[in-house]
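Quick note: numbers below take in every heavy atom, side chains included, and nothing from hydrogens, waters or symmetry partners. Residue numbers count from 1 along this sequence.
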Amino acid sequence: MSNNESPPPVARANSISATINYLHLDADKVLSAFGKYGRYQMLAYVITTSVHMLFALNMMIMPFITKSITFLCDLPDRETPDSAVSDDLLYDHLNFLLLDSFSYAYELDKKSTITSDFDLVCEHQGMAEHATSIFLVGGMVVSPFISQLSDLLGRRPLFLIPLYISVIANLICVIAPNYWIFLLFRFISGVTTTSFSMTGFVLCMESVSVEFRSFIPVLTTISWVGGYMLAGVFYMFFKNWRMLYLMATVPGLLTIPFYWFTPESLHWLLTKQNNRKIEKYINESVTFNKQTISLIDCRSANQQTSEKTRTFRDLFIPRIFVHVLINSYILIVMSGTYWALSLYSTELSEDEITGYFLSGLVELPAGFLSVILLIIFDRKTVSFGSLVLTAVFMICTVWIPMHGNWKMIFPLLAKSTNSIVWASQPLLYSEGTPTTIRNVFSGVVSFLGELGSIGAPYMNRLTAINQDAPAIVICIMSFIAAGLVLLQPETKNKKLPEDIDDFDAGPLFRGCHSEAPPNVTSSDSEDVKKSEEEVELMDVVVASKE
């Protein structure tokens with residue numbers, strides 16, 4: 001009978017099999033099945049790494065719009081009869097333009113900066129630097145919270161929503177009528193920029209195959225250096241600070257289409273047991289890649305798929321907490337070194353633009369070199385070697401003094417090795433952290449790591465103790481960080497741990513505990529066989545939907 005062969009019963013059977021078996025998939029196996037360069041996975045890679053350009057633009061535009069200008073305070077009033085000096089002679093000789101109350105003055109050819117626009121002079125002198133630090137403070141404050149939300153609500157919304165809010169906040173900064181409004185939205189920009197950057201990195205790593213992870217730094221480096229360079233290029237053409245800030249914001253408007261093309265993390269969907277969205281992800285991958293896969297081969301070896309919700313409290317499990325502390329310290333050193341070398345790059349040469357561009361350009365070959373190193377060597381080896389070399393180059397600035405443009409050599413070499421460790425170390429701790437706490441782990445580490453960023457602008461104050469003190473401090477801290485890297489587990493070509501039970505605590509805890517493998521009973525074996533038969537039906541469904 002035709003009724004016995006009608007489609008509805010087949011659809012119900014396939015729906016039941018999908019309900020059971022999509023939840024038993026292994027995310028890494030699925031991603032690998034689509035190939036090292038699966039087009040859908042590469043799309044996610046491009047989207048999540050391109051936004052680093054916006055972060056770089058937001059930070060590196062600040063040295064140009066907060067430039068100091070010359071001014072005088074407490075000038076005599078023109079109307080004061082007891083003035084000891086003829087006011088016409090004073091003002092004409094100094095060639096100054098007096099403002100409202102005649103209490104302070106700028107040069108006639110003053111540059112357009114937030115210092116001059118908001119009159120951050122005299123008793124307000126030094127407040128311009130707050131615009132840079134408050135951005136970093138915003139990122140520091142939000143890191144643990146945004147990461148927790150990302151683990152609970154998903155990577156995609158916590159990537160896209162902050163991305164669009166940051167663009168709006170930056171546009172408001174452009175038209176800010178006073179400095180306090182500018183600072184408020186600069187803070188919001190820091191909160192949201194750090195949020196989408198941090199969540200984007202985790203989403204990127206969870207969206208590509210194990211075989212491709214070593215290549216992640218390629219576009220990340222190009223994007224970051226592109227933003228770094230673009231800030232300098234914009235400064236060469238736009239001297240008005242508002243126009244300069246607007247040009248740094250415009251690239252953010254190009255991210256609007258990301259809403260329709262950014263996928264959710266398959267790793268996260270599997271931990272949340274979201275069968276409908278898992279099926280949607282696989283079908284979209286099949287369609288976009290024009291490739292079918294065998295879901296039988298992608299089945300997880302562990303058939304126990306009960307959902308586990310992890311929170312901030314799970315970071316205090318001893319073997320997890322130790323790694324939080326280790327990676328936080330390493331990130332403090334990495335951040336402090338990077339921003340100390342970047343923010344003072346305009347002082348490397350007599351021509352501020354030359355030093356600035358060279359400091360950014362050295363990151364590009366370093367980024368490509370890091371990919372080669374990550375393919376050849378283990379993650380730990382690359383991080384350890386880079387931190388040691390950073391320490392060596394910084395101490396060489398003390399031991400081997402140079403003059404003229406030659407003095408740039410060792411700081412630029414230190415910047416290069418610092419860029420390499422930025423490619424390897426976040427990959428090392430992110431790959432080793434369980435999916436259920438990966439984002440909150442990264443958030444807390446980033447939160448503490450920002451202490452290095454916030455402290456970097458004050459590094460030069462150490463010169464009051466000794467001229468070489470900043471370089472010596474960076475050298476010592478880098479050597480300590482290199483030693484701590486060796487206490488972490490190696491993660492190259494390893495499956496991402498799904499939950500805390502899968503976590504490798506490294507040499508410090510190795511041998512202290514062991515997880516007993518789940519007992520496989522005869523009934524379990526029957527369930528596995530049944531699952532395999534139902535997955536075969538699912539393969540047919542996926543292929544038919546292509």
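- Annotation for Lys36: atom NZ counts as buried by contact number, over 12 foreign heavy atoms lying within 6.0 Å.
- In terms of modelled atom types and a separation under 3.5 Å, the side chain of Lys380 and the main chain of Gln488 share a donor-acceptor contact.
- With respect to Glu431 and Lys494, no salt bridge is recorded, no charged nitrogen being found less than 4.0 Å from a carboxylate O.
- Judged by distance alone, the side chains of Glu211 and Asn493 never bring a donor and an acceptor atom under 3.5 Å apart.
- Judged purely by distance below 3.5 Å, without hydrogens or angles, the side chains of Arg186 and Tyr245 pair a donor atom with an acceptor atom.
- The shortest non-hydrogen separation linking Val51 to Thr48 is CG2-O, 3.4 Å.
- When atom types are taken as modelled, the side chain of Ser195 and the backbone of Val191 share a donor-acceptor pair closer than 3.5 angstrom.
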- Mind running ring pair (Phe, Tyr, Trp, His ring centres under 6.0 Å) on His323 and Phe503 for me, showing each step along the way? CA-CA 11 Å; His323 282 276; Phe503 178 63; 5.5 Å; yes

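- To the nearest 0.5 Å, atom CG of residue Leu136 and atom OG1 of residue Thr194 are 7.5 Å apart.
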- Show your reasoning for whether side chain to side chain contact (heavy atoms under 4.5 Å, CB included) applies to Leu331 and Trp422. CA-CA 9 Å; Leu331 204 63; Trp422 269 107; 3.7 Å; yes

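- Between the side chain of Thr271 and the backbone N or O of Trp268 there is at least one donor-acceptor pair closer than 3.5 Å.
- At least one test fails for Arg438 against the ring of Tyr429: distance under 6.0 Å to the centre or angle within 45° of the axis.
- In this structure, Leu315 and Phe441 have side chains that are in contact, with non-hydrogen atoms separated by less than 4.5 Å.
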- Message: Show, in sequence, the C-alpha distance, side-chain angles and deciding distance for Arg213 and Asp28, and conclude whether the salt bridge (Lys or Arg N to Asp or Glu O under 4.0 Å) test is met.
- Response: CA-CA 11 Å; Arg213 282 188 215 140; Asp28 282 323; 3.1 Å; yes

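- Distance check: Met140 CE to Ser335 OG gives 11.0 Å after rounding to the nearest 0.5 Å.
- With contacts defined as side-chain heavy-atom distances shorter than 4.5 Å, the pair Tyr329/Met477 qualifies.
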- Task: Evaluate the ring pair (Phe, Tyr, Trp, His ring centres under 6.0 Å) criterion for residues Phe212 and Tyr45: first the C-alpha distance (whole Å), next the side-chain angles of each, then the deciding distance (0.1 Å), finally the verdict.
- Result: CA-CA 10 Å; Phe212 184 82; Tyr45 170 56; 4.9 Å; yes

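- Annotation: side chain of Phe479 is in contact with side chain of Val388 (closest heavy-atom distance under 4.5 Å).
- Within a 6.0 Å radius of CZ in Phe145, no more than 12 heavy atoms belonging to other residues, nucleotides or ligands are found.
- A salt bridge links Glu363 to Lys415: at least one charged side-chain nitrogen sits closer than 4.0 Å to a carboxylate oxygen.
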- Residue pair Trp241, Phe182: steps toward the ring pair (Phe, Tyr, Trp, His ring centres under 6.0 Å) verdict: CA-CA 12 Å; Trp241 81 264; Phe182 180 85; 5.5 Å; yes

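- In this structure, Lys492 contributes its side chain and Ile375 its backbone to a donor-acceptor pair below 3.5 Å.
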- Go through Tyr356 and Tyr228 one step at a time and tell me if the ring pair (Phe, Tyr, Trp, His ring centres under 6.0 Å) criterion holds. CA-CA 9 Å; Tyr356 177 85; Tyr228 196 116; 4.9 Å; yes

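- By the 4.5 Å heavy-atom criterion applied to side chains, Arg156 and Tyr259 are counted as neighbours.
- Judged by distance alone, the side chains of Ser453 and Glu450 do bring a donor and an acceptor atom under 3.5 Å apart.
- Between Leu361 and Met229, the closest side-chain pair of non-hydrogen atoms falls below 4.5 Å.
- Cation-pi geometry between Lys290 and Phe288 is not satisfied (NZ or CZ under 6.0 Å from the ring centre, within 45° of the ring normal).
- The closest side-chain donor-acceptor pair between Gln425 and Ser383 falls under 3.5 angstrom.
- Not a single donor-acceptor pair under 3.5 Å links the side chain of Ser189 to the backbone N or O of Phe185.
- Ring geometry for Phe258 against Phe159 counts as parallel: the plane angle stays under 30°, on a 0 to 90° scale with 60° as the upper cut.
- The aromatic rings of Phe234 and Phe238 stand perpendicular to each other, their planes meeting at an angle above 60°, with 30° marking the opposite boundary.
- Inter-residue side-chain proximity for Phe55 and Trp224 is flagged as met; some heavy-atom pair is nearer than 4.5 Å.
- Looking only at distances, no side-chain donor or acceptor of Asn170 sits under 3.5 Å from a matching main-chain atom of Thr249.
- Formation of a donor-acceptor pair under 3.5 Å by the Ser370 side chain with backbone atoms of Gly367 is found in this model.
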- Test Glu206 against Arg155 for salt bridge (Lys or Arg N to Asp or Glu O under 4.0 Å), laying out the working first. CA-CA 10 Å; Glu206 293 179 350; Arg155 317 303 195 209; 2.9 Å; yes

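- Between the Thr255 side chain and the Pro251 main chain, no donor and acceptor come within less than 3.5 Å of each other.
- Residues Leu54 and Ser166 are not in side-chain contact: their nearest non-hydrogen atoms beyond the backbone lie 4.5 Å or more apart.
- Not a single donor-acceptor pair under 3.5 Å links the side chain of Tyr235 to the backbone N or O of Leu244.
- Using modelled atom types, no side-chain atom of Tyr338 and backbone atom of Asn418 make a donor-acceptor pair closer than 3.5 Å.
- Between Lys495 and Asp26 there is a salt bridge, with a side-chain nitrogen of the basic residue lying less than 4.0 Å from a carboxylate oxygen of the acidic one.
- Contact annotation: the side chain of Glu264 never approaches that of Lys277 to less than 4.5 Å [non-hydrogen atoms, C-beta and beyond].
- Remark: Leu389 CG to Thr417 OG1 distance equals 6.0 Å, nearest 0.5 Å.
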